[in-house]
Amino acid sequence: MAQGVWIVAEQRDGALRKISCELAGAARKLADQLGTEVSAVLLGSGIEGIAGELGKYGVDKIYVADNAALEPYTTDAHAAAVFKVVKENDPAILLFGASAQGKDLSARLAGRLATGLATDCTEVKIADGKMVAVRPIYAGKCFIEVVSLANPQMASLRPNVFPATETAKAGTIVKFDPGLDAAQLKTKVVEVQKDTSGRADLTEASIIVSGGRGMQGPEGYKILEELADLLNATVGASRAAVDAGWRPLADQVGQTGKVVSPNLYIACGISGAIQHLAGMSSSKYIVAVNKDSEAPIFTKADFGIVDDLFKVVPELTKECRKLLG
Amino acid sequence: MNIVACVKQVPDTEAQIRVKPDGSGIDETGIKWVMNAYDEYGVEEALRLKEKHGGDVTIVSLGPARSLEAIRTALAMGADKGIHICDPALDGADAYVTASALAAAIKGIPFDVIFCGQRAVDDDAGQVGAMLAELLGIPQVTVVTKLEVNGASIRATKPVEGAQLLIESPLPCVITAQKGLNEPRYASLPGIMKAKKKPVDVKNAQALGVSAEAKLKVLKFVPPPARPPGKIISGDDAVAKASQLVGLLRQEAKVI
């Protein structure tokens, strides 16, 4: 019978990604309710050294495949390796990060395993021995609770939502042969162009400073960049600002951009079109700065300032500098 | 080239989504239905490939009768023919059932490259493209912002957290389209007239030999959690308001 809660951990350049620890935290809670173990799959090349770190986050067993063909990530190689180890061990639950890599891999594997996958979940719980996954649809305008009717029950979890908890335990490392067949590896990564901004991706940022039409042009974002630098935040934008060419596509927050859940979202000069609100309303705290007191963004804001953002934002930066040095 | 583009008809992103009182679904009254925005990028890229390399573009869609409008829109943009998988047994199909039905339909026609949107803006699952590739036994490159076809292979740009990857894949493969891939054209009036005469083949689950048995069950739909009412920091002095806000973020919210 299928049992155990499994996670597919992620590493990049030999370092464990934060989402891996968040997955471990969520898996530990589910496993404790089911009275079962947490196992992790870790794939890459030269990564055995970091496998033990997962133990600190509540993983009992870490299945490691260390193989040059697993670095960098490709769908073909990782899907083959995870499929093999899952088939050999028959877990009941299989969790991924809802990251670029996790979404790509989980969907391919759900097809191969012919099972149900819940994408980008914000909550997972156990009811009647099965995992119930809660996830936003319509970018958060509505939520659904879903359950997989086949095993393993798969879900990808939204970054920044599930707490990672350190424990005093250490996991057991189990090496496995990913059994890769060169003929199956059809795609390859020919170039990696790293972003040099040093800022977190919007989907993983804990603070986002976002600007909309009220920024009046690309140069307006300078004051947001300054505030973001101080808060170690990422700069976002509304669709209006992106469509106007003021900001790159990767910065767009909303139903046709990125759906984000930071601890703090500071919306400057964003009126709050419904498709924007959908993409950011699961943020823990929302601040709105806007001249128009009737702007819909204020209906979602925890704290609002009705004023000219070009006066307020530089003052916020000054105040933060006093506080944070 | 034989090019396939999969499309889904979804509520317009400006639509208010209301959950039915019994939690069984969303209230569809008054919703304006459109082609999923990400699928439009896929259709546009398909048309550009056809213009450059020759061949034809087949649109495949699974959905109720109204989905024919989305197929006609793609035909009006310039696609050549359509396959409409229409069967009440497939209403509310999950990603696995959808991918199985699309795979069955596509297996019956020649294909070199298949486009899907990277996700549909209704259920936000983002699974169908990858599952379709798996079921057809071909590679996938998901969430693509730039595509180059060179003979029997492609090079695609895929943004990931903190980097852009350039991925090479042989054909045939599935590409899932992300905003940035192109700027979709509008259908012209002559295009709309011509689209009415283009062939659309209607198939049901039985004809395709697909099972409608779901892998994922929706227990209930719920409205998003309500946010507590916010606090407007009032006053005339921007400096004082900024200072008060920073204090609240530090002491009350503890987020900075």
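Every chain is numbered from 1, with letters handed out A, B, ... down the list of sequences. These numbers were taken from a predicted model, which means no experiment stands behind them.
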Per-residue contact mode, [X] against chain B (heavy atom under 4.5 angstrom):
| X | value |
| --- | --- |
| A:V134 | neither |
| A:Q252 | side chain |
| A:A288 | neither |
| A:D195 | both |
| A:Q255 | both |
| A:N151 | neither |
| A:A139 | both |
| A:R199 | neither |
| A:V289 | neither |

Is any side-chain N of the basic residue among [X] and [Y] closer than 4.0 Å to the acidic one's carboxylate O?
| X | Y | value |
| --- | --- | --- |
| B:R155 | A:E191 | no |
| B:R119 | A:D120 | no |
| A:D302 | B:R227 | yes |

Distance check, rounded to the nearest 0.5 Å: [X] atom [atom1] versus [Y] atom [atom2]?
| X | Y | atom1 | atom2 | value |
| --- | --- | --- | --- | --- |
| A:L316 | B:K241 | CG | NZ | 11.0 Å |
| B:Q140 | A:T75 | CD | OG1 | 4.5 Å |
| A:Q193 | B:L166 | CD | CG | 9.0 Å |
| A:L323 | B:L249 | CG | CG | 10.0 Å |
| B:Q244 | A:F303 | CD | CZ | 10.0 Å |
| A:C142 | B:D27 | SG | CG | 11.5 Å |

Counting distance only, does the side-chain N/O of [X] pair as donor-acceptor with the main-chain N or O of [Y] below 3.5 Å?
| X | Y | answer |
| --- | --- | --- |
| B:E161 | A:A100 | yes |
| A:R135 | B:D124 | yes |
| A:Y138 | B:A15 | no |
| B:Q16 | A:K141 | no |
| B:E168 | A:V189 | no |
| B:Q127 | A:L117 | yes |
| B:R250 | A:C320 | no |

*Under 4.5 Å, counting heavy-atom pairs only, tell me which of B:V222, B:I154, B:L248, B:L135 racks up the most with chain A.*
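It is B:V222.
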
*Nearest non-hydrogen partners of A:D307 and B:A238, listed with the distance*: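 For A:D307 versus B:A238, the nearest heavy atoms are OD2-CB, 3.9 Å.
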
*asked:* Report which part of B:F221 has an atom under 4.5 Å of a heavy atom belonging to chain A: side chain, backbone, both, or neither.
replied: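 The answer is both parts of B:F221.
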
